[in-house]
S.K.: 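Quick one: structure below, then a few questions.
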Amino acid sequence: MDDIAKSVPVIDIQWIRDWKKLRSSDSDHDDFVPSLPPVMATSAISSSSGAEILNRRFKDLPPEELQFDDEIARRREAEANVDIAPGFINSKYECLRPTPYEPKYNRKLVSLLLLLERKRHLDNEPKRSLSYRHAISAIKAYPREIQSSKEAEKIIGVGKKMAEKIKVFLHTGTIEEADKLRYDEQFRTLSLFSKVFGVGVTTARLWWDMGYRTLQEVLASAKLTAAVQLGIELFPDFDQSRGKTKNGDVDLIISSKRPDNMKGFLNKLTRRLIEKNYLKHKLWNSTEIKKISHLERPSAGARQVFDSFEKPSTGIRRQVDLICVQPDELGTAILGWTGSKQFERSIRDYAKKEKNLLLNSQAMHLEQNGKRKKYVVHSEKDAFDMIGIPYLEPELRNC
DNA sequence: GGGCAATTCC
DNA sequence: CGTAT
DNA sequence: GCCC
C-alpha cells in the first residue's frame, strides 16, 4: 500500500456494475466477466514520455519540487510559548484524529520533513523514518501555523531534535539538510529506483553502487529477475508524477457468501480478464493456505497484482490488486486495504496496546489470559466501534 | 532501554 | 533458512 | 527519532 488513502475512483464503475448483473444471474465463474468490446492492445502507449523517465539522469537536473509549497516562509516572532492549538487531538495514535491528504497549514515544513523521512528510509534507518512519519502526520493534522519550536515540542511525536529543526525553519524559512536533498543526485536516483515495483532500498542502493544512474542503464546492464525487469518496463505507465491523479492503483476486494464457490475463483477470473485483454501482466501473486489444526484451508487474502487497462478505450494502464477473501474477513479486509499505511500501523498499535485487540486484514482477536477469541468484523464502522474509537472517513486517514 | 503493524513471497 | 521487499 |  501506498501512503495515500485511496478515495479517487479510477476505474469505470460501469465495469463492475455489468459484472454484478451477470454474477447474480449465473453462478458459473466463467460468466462473471462481463462482455465488453475487446481492447486494442498497443505497446506504444505513453512510450514517448516513457523513454524520458527511463533515461532520466539527475545530475544537473533542476531540483526536485517541494510537495506542498505555497507558503511564504515568513519569519515568526521568536519562540512564543503559546498553548497547543485548541481542538488538536494530541496523541501518539494517528488513527484518533482526522488527517487530510494535503495539509492546510505548515505546508513547507511538512514538505521538508518528508524529504528527511525519505532520506532516513533510503539510508535504511526504518525506525528514524517512522519517527519522522509520526511527526509529519501530527503536523499535517495540526489546525494552525506553528508559531515556535516550543509550541511544536508540545505535539506528541515532535521531540527535541525535531523541534530544533523546526526552530531553524521558523527563523530561516528552510531546513538546510532537507533542501540540499532536492539537488542531491544520489538521493533522487535512489528515490526513483525504489519506486520500481519489486525494488526496495537495498536493491536501489545496490544499483547505485554498481554505477547505474538511470533505469535504462539498469535495464541494459543489471541482471534482473523477470519481475523486476517487468517493473522497470511498466514504470512509465505507473509513473505517478505524470498526469493529474495523485495515485492510480486500484484494489478490488472480492468475496462470496458461498465460500465453496470461491475455490480457484481468482485464477479463473484473472485468466478470463487476461484473455479479454483487461489485464496485461501478472506482476505477483500469493495464495495463502491457512493451517488450522492440521486442516489446510485455502483462504484469506489470496492476492494477485496485475497491470491492466483502466478503460479499454483510453489504453491507460493501472496497477490492479485483486484480493479474494472469505465473507467473515470482508470488514477487516476493507479496513486493511484502504490505508493509509501509517493509519493501519496506528490503528493496529492502538487496538493492541489499549484494548488487547489483535488486528490484521483477516480478523480481530481479543487476547485475554493467553487465549484468543475471534471477533467477526462486518464493516469498517464495526471495527471502529469494537475498538472504541470515532469513525474516520477514508479521506481523513492520510496519516 | 525496549518497542515501534502484521504478513507473505522469493 | 535468513533476509529483503 | 521519539515515547513510555
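Residue numbers start from 1 in every chain, and the chains themselves are labelled A, B, ... in the order their sequence lines are given, proteins ahead of strands. Worth knowing before you read on, the calculation uses all heavy atoms, side chains too, and leaves out hydrogens, waters and symmetry mates.
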S.K.: Is NZ or CZ of A:Arg397 both nearer than 6.0 Å to the six-membered ring centre of A:Phe343 and within 45° of the ring axis?
M.R.: yes

S.K.: Can you tell me how far P of B:dC4 sits from CD of A:Glu354, to the nearest Å?
M.R.: 13 Å

S.K.: Using the heavy-atom set of chain A and a strict 4.0 Å cut-off, write down the first and last nucleotide of DNA chain D that makes it in, 5' to 3'.
M.R.: D:dG1 to D:dC4

S.K.: Could you state the CG-C1' distance from A:Leu130 to B:dG3, rounded to the nearest angstrom?
M.R.: 10 Å

S.K.: State whether A:Arg120 and A:Asp123 are salt-bridged, where the test is any N-O pair (Lys NZ or Arg NE/NH1/NH2 against Asp/Glu carboxylate O) under 4.0 Å.
M.R.: no

S.K.: If I take atom CD from residue A:Glu117 and atom OG from residue A:Ser131, how far apart are they, to the nearest 0.5 angstrom?
M.R.: 10.5 Å

S.K.: Sequence neighbours excluded, which residues qualify as salt bridge (Lys or Arg N to Asp or Glu O under 4.0 Å) partners of A:Lys355?
M.R.: none

S.K.: Taking any heavy-atom pair under 4.0 Å as a contact, classify A:Ile347: base, sugar-phosphate, or nothing.
M.R.: nothing

S.K.: Just checking A:Trp207 against A:Phe193, ring centres under 6.0 Å apart?
M.R.: yes

S.K.: Roughly how far apart, to the nearest Å, are B:dA5 and D:dC4 at atom P?
M.R.: 15 Å

S.K.: Among residues 202-210 of chain A, which contact DNA chain C at a heavy-atom distance under 4.0 Å?
M.R.: A:Thr202, A:Thr203

S.K.: Is A:Glu217 salt-bridged to A:Arg213, cutoff N-O under 4.0 Å?
M.R.: no

S.K.: What nucleic acid atoms does A:Lys92 come within less than 4.0 Å of, heavy atoms only: base, sugar-phosphate, or nothing?
M.R.: sugar-phosphate

S.K.: Does the distance from a Lys or Arg side-chain N to an Asp or Glu carboxylate O, for A:Glu275 and A:Arg271, drop under 4.0 Å?
M.R.: yes

S.K.: Quick test of your reading of the model: are A:Glu102 and A:Arg107 salt-bridged, counting only N-O distances below 4.0 Å?
M.R.: yes

